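Here is the naming used below: chain letters follow the sequence lines, and residue numbers restart at 1 for every chain. Below, each value reflects all heavy atoms present in this structure, side chains not excepted, and no hydrogens, waters or symmetry copies. On a predicted model such as this, the values are computed, not experimentally measured, just so you know.
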Amino acid sequence: MQVLSGRKKKSNEEIIEQIIMEQYNQYYRLAYSYVHNEPDACDIVQNGAYKALRASHTLRSQEYAKTWVYRIILNEIFNYLKQPRFESYESLQEKQAGEVGDVGDECSRIDLQRALDSLPEQEKVIVTMKYFEDKKLDEIADILNENISTVKSKLYRSMKKLRIQLADDPII
Amino acid sequence: MEDYRLEKEHGKARREEEFKALKAGYLKQKMSQEQLRNLQLVINQAKEENRRERNKARQIKGAVGAAAAILAFVILPNTSPKVAYAMEQLPLVGELVKLVTFRSYEYEDEMHEAQVEISKLVAEQISKDGRQQKNLNKSTAEINEEIDKLTAQLLEDFQIHVREELGYKELIINSEVIVSTPEYFTFKLSCYQSEASGYETNYYYTIDLSTGKRLKLGDLFVEGADYISEISSYIKEQMQRQMAENQGKIYWINSEFEDMDFQTITGDTTFYLNEKGNLVIVFQEGEVAPMYMGIVVFEIPSEVLENIRK
C-alpha cells in the first residue's frame, strides 16, 4: 500500500476528471481521425467522459486511471463506428476526394490519408498513437491490453502497408 | 537502374514528408471553447449523479447500520475496534456442512467504516462414510484457509488506511449461503471495498456433498465432454443479444481488440449452481466487460447442457 503522509489521497472521481481535463484534445483528435466531423467527435468525447466519471467507483487502481479512461474513449469510438447510421470509410473517402481537387502534393497526401483510414481499426490506432501522439510502445500496449511484441508487429505491418519507413524510426 | 533507385529514394522521402504533414493536420484538431464548455457541463452532470447516488447509498446503509449496531452491542460491549470471537452459530444450513460466523469486526469513524463478518465452514462429524467425512473435513479446512488469507489481507489494508489517515475507506465483507441441497452446498464470500468509489469481488465455494469434495466445473460433466466450448459459445451469444437489446451493455466481444475479447471460459472460471440446479458463470469486474458493468453473471439454461451434464 502506498503511503502518502500528510496529503489527502484524491478520490477516483477527482483523478478521472483531472485526466479528462488534461487530455480532452487528445481524445478529440483521435475521435476526429475516425469520424472526420466535429459534432460526432465531440459526442464521443462527451459520452466517454460521462461514462468514465459515472464508472469512477469501479476503477481499481489509480495508477491505471489514464489508461482506463483512454480505453473507455477508444471503446466509445469503435462503438460509434459500428452504428449503422454511421457512414463507411469508403463513402467518406469518396466524398473527400470529391471535395478537394486533384492537385499535386495535396493529392498524394490524401492518398496517404486514405491508406491510413483503410487500415484495420486497431492498426490505425497504433500508428496514430505512436507517430501522431508520440506515445511509447509499452503505453500503447497497456491501452490496448496487448503485449508489446504484438503491438510492434502490428505497427511494423501497418507502416509497411503505408509504404513508409521513417528515417528516425527506433523500432524497425 | 540508377534513375530507378533515385526515384525510389525520392518517393520514399516524399512519403515521409506527407506523413509529417498528416501528423501536423492531425494535431491541429482541437475542441473549441464552446465544445469544451459543453464537455465541462457533461462532467458536472456525471459528478452530480454520482453524488446523488452516494447519498442514497449512505442513507440505506445508515438504516441497515442501526440494526447492525444493536447486534454488535450484544456481541461487543466495547465499541472500540477490536476483533470479537463470536462463534455464534447461524441456523443450520445443510446437514453435513454449516456456515458459522466466526469473527466479526466493526469499525467506524468519520472517514472509515468496516463491517466485516468472517464466516467459516464447519464439517459436522456425522457421516457414516469414512472417506466422505475425510473429504469433507479436508474441503472445509481448505476453504477456511482461503477465506482467512483473503480477509486478513483486506483487513490489514483497511487498518493501514486508518492508521496512515489515507482518506475515506469502507470495507464490507460477508458470506451468504447460496444453495444448500442434499447434493450441493454453495456459499458466496462477498468483499466490497470503497475509497469514494468501490468495487466488489465475489468468490463462490461449492462442496459436492455426495463425495465431500470441492466441486470443480469439470465435475459437472460427463467424461470427455467439451463443456468449455458449449458454455463459452452460449455466453458469447448472450453477450451479443444483450448488447443488441441494450445500448448501455458492453461486453468485450467482437471488438477491434481481439486479444482483449472474451474467448472462452476455463476449468477454473468462477461458477455456482443456483437453486434450480442451473449452472451460473460469474465474471469479476473488468473480466469480460468494462469495469462499470460490475460483476456479470450468466445462467446457463439446462437445455444447453442436457446432453453433457452428469
Name the region of [X], side chain, backbone, both or neither, that has any atom closer than 4.5 Å to a heavy atom of chain B.
X     : value
A:Y50 : both
A:Y32 : side chain
A:N47 : neither
A:I16 : neither

Classify the side-chain pair A:Y24/B:Q35 by whether it contains a donor and acceptor separated by less than 3.5 Å.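 On atom types as modelled, these side chains do not qualify, holding no pair under 3.5 Å.
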
Sort B:L41 into side chain, backbone, both or neither according to what part of it lies under 4.5 angstrom from a heavy atom of chain A.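 It is neither, since no heavy atom gets under 4.5 Å.
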
Residue B:Q40 versus chain A: region with a heavy atom under 4.5 Å: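 Side chain only.
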
Heavy-atom closest pair, residues A:E17 and B:I43: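 Looking at all heavy atoms of both residues, the shortest contact is OE2-CG2, 3.7 Å.
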
Please give me the minimum heavy-atom distance between B:I250 and A:K51, naming the atom from each residue.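 What the structure gives for the nearest pair is CD1-NZ, 4.1 Å.
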
Within the supplied structure, the quantity of interest is the number of heavy atoms (other residues, nucleotides, ligands) at a distance under 6.0 Å from [X] [atom1]; does it exceed 12?
X      : atom1 : result
B:E245 : CD    : yes
B:E48  : CD    : yes
B:E299 : CD    : yes

Under the 3.5 angstrom rule, does the side chain of A:N25 hit a backbone N or O of B:Q29 as a donor-acceptor pair?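 No; judged by distance alone, with no hydrogens or angles, the pair does not exist.
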
Taking A:I72, A:L53, A:V45 one by one, which has the highest count of heavy-atom pairs under 4.5 Å against chain B?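 Going by pairs under 4.5 Å, I would pick A:L53.
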
Among the options A:L116, A:N79, A:L30, pick out the one with the most heavy-atom pairs lying under 4.5 Å from chain B.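 Most heavy-atom pairs under 4.5 Å with chain B: A:L30.
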
Quick one: are A:D134 and B:K23 in side-chain contact, heavy atoms under 4.5 Å?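 They are in contact (side-chain heavy atoms under 4.5 Å apart), so the answer is yes.
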
Stepwise side-chain contact (heavy atoms from CB on, under 4.5 Å) test for B:L36 and A:Y28: CA-CA 10 Å; B:L36 177 58; A:Y28 178 76; over 6 Å; no

Taking atom CZ of A:R29 and atom NZ of B:K28, what is their separation to the nearest 0.5 Å?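 That separation rounds to 13.0 Å.
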
CD on B:E200 to OG1 on A:T58, rounded to 0.5 Å: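 The OG1 atom of A:T58 sits 12.5 Å away from the CD atom of B:E200.
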
Decide side-chain contact (heavy atoms from CB on, under 4.5 Å) for B:E18 and A:L162; before the verdict, give the C-alpha distance in whole Å, the side-chain angles of both, and the deciding distance to 0.1 Å. CA-CA 11 Å; B:E18 288 159 9; A:L162 298 178; over 6 Å; no

Is any side-chain N of the basic residue among A:E13 and B:K47 closer than 4.0 Å to the acidic one's carboxylate O?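 No salt bridge links A:E13 with B:K47.
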
Give the ring-plane orientation class for B:Y26 versus A:F132, where under 30° counts as parallel, over 60° as perpendicular and anything between as tilted.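 Geometry flag for A:F132 against B:Y26: tilted rings.
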
Audit row: A:S56, B:N50, side-chain contact (heavy atoms from CB on, under 4.5 Å) steps and yes/no: CA-CA 9 Å; A:S56 58; B:N50 282 350; 3.8 Å; yes

